[in-house]
Amino acid sequence: MNKTIKQILKEELSGLAEGLSFEILIPPDSKLGDYSTNIAFVLAKKEGKKPVDVANDLKAKLSNTRLAAMFDIQVAPNGFLNFYAKSEFLQKQLEEISKDEAYGQSDEGKGKKVIVEYSS
């Protein structure tokens, strides 16, 4: 089974968080990235630093990693790390999906009834 992008982000960033708990988020506004993380806030609290300073350090550490090849990484003024998927990465993902005949097929929900309600 292929990993989701959220799982990849979590795994790659976990090495920088020294066992601390942080979240991978999907921002409510696409201007804030395709994905975002609060990892800088968690580390800033532990280290007694400003989140934006920690986020800038993390961005520098990520500059030559797998994530840098997949995403344009930006630091928000408040300290969130925002990840914007690169078009080359998305194109590669679509090529892989097109080769997988079983993509999108699942037995999830098989044999269960679904009720769809519509109210005007």
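Along the sequence shown, residues carry numbers from 1. Values reported hereafter were calculated over all heavy atoms of this structure, with side chains retained and with hydrogens, waters and symmetry mates removed. This one's a predicted model, so the numbers in the text were calculated from it and none came from an experiment.
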Output for pair (Ile97 CD1, Asp100 CG), nearest 0.5 Å, gives 8.5 Å
Rounded to the nearest 0.5 angstrom, the CG-CG distance for Leu58 and Leu67 is 11.0 Å
Taken to the nearest 0.5 Å, the spacing of Leu20 CG from Phe41 CZ works out to 15.0 Å
Checklist entry - Less than 4.5 Å apart, any side-chain heavy atom of Ile73 and any of Asn82? => result no
*asked:* Test your reading of the model: is there a side-chain donor-acceptor pair from Asn38 to the backbone of Glu23, 3.5 Å cut-off?
replied: yes
* Hydrophobic cluster membership, Val42 vs Tyr35, 4.5 Å side-chain cutoff -> yes
Closest heavy-atom pair, Ala40 versus Gly79, reported as atoms and distance to 0.1 Å, is CB-O, 3.3 Å
Separation between CG (Leu90) and CG (Asp34), nearest 0.5 Å, reads 7.0 Å
Between Gly33 and Pro27, the two heavy atoms sitting closest are O-CG, 3.5 Å
Check: Does Phe22 reach the side chain of Leu43, with side-chain heavy atoms less than 4.5 Å apart?
Finding: no
Taking the six-membered ring of Tyr84, is the NZ or CZ of Lys31 close enough (under 6.0 Å from the centre) and on axis enough (within 45°)?
-> no
Give the ring-plane orientation class for Phe71 versus Phe89, where under 30° counts as parallel, over 60° as perpendicular and anything between as tilted. tilted
One should read off an interatomic distance between Met70 CE and Leu62 CG, to the nearest 0.5 angstrom, of 12.0 Å
**Asked** So, Ser36 side chain and Ile26 main chain: donor-acceptor pair closer than 3.5 Å or not?
**Response** no
Do Phe80 and Pro51 come within less than 4.5 Å of each other through their side chains, counting heavy atoms only? no
_Quick check on the hydrophobic clustering: are Val75 and Leu25 connected, directly or via other members, by side-chain heavy-atom contacts under 4.5 Å?_
no
Exercise. Would Leu13 and Ile24 satisfy side chain to side chain contact (heavy atoms under 4.5 Å, CB included), going step by step from the backbone distance to the final call?
Worked result: CA-CA 10 Å; Leu13 294 171; Ile24 303 296; 3.8 Å; yes
Review point. Does Gln7 reach the main-chain N or O of Thr4 with its side chain, forming a donor-acceptor pair under 3.5 Å?
Key: yes
Residue pairs passing the side chain to side chain donor-acceptor pair (under 3.5 Å) test with at least one member in residues 89-98, sequence neighbours excluded, are none
In short, side chain to side chain donor-acceptor pair (under 3.5 Å) pairs touching residues 41-56 with sequence neighbours left out are Glu18-Lys46
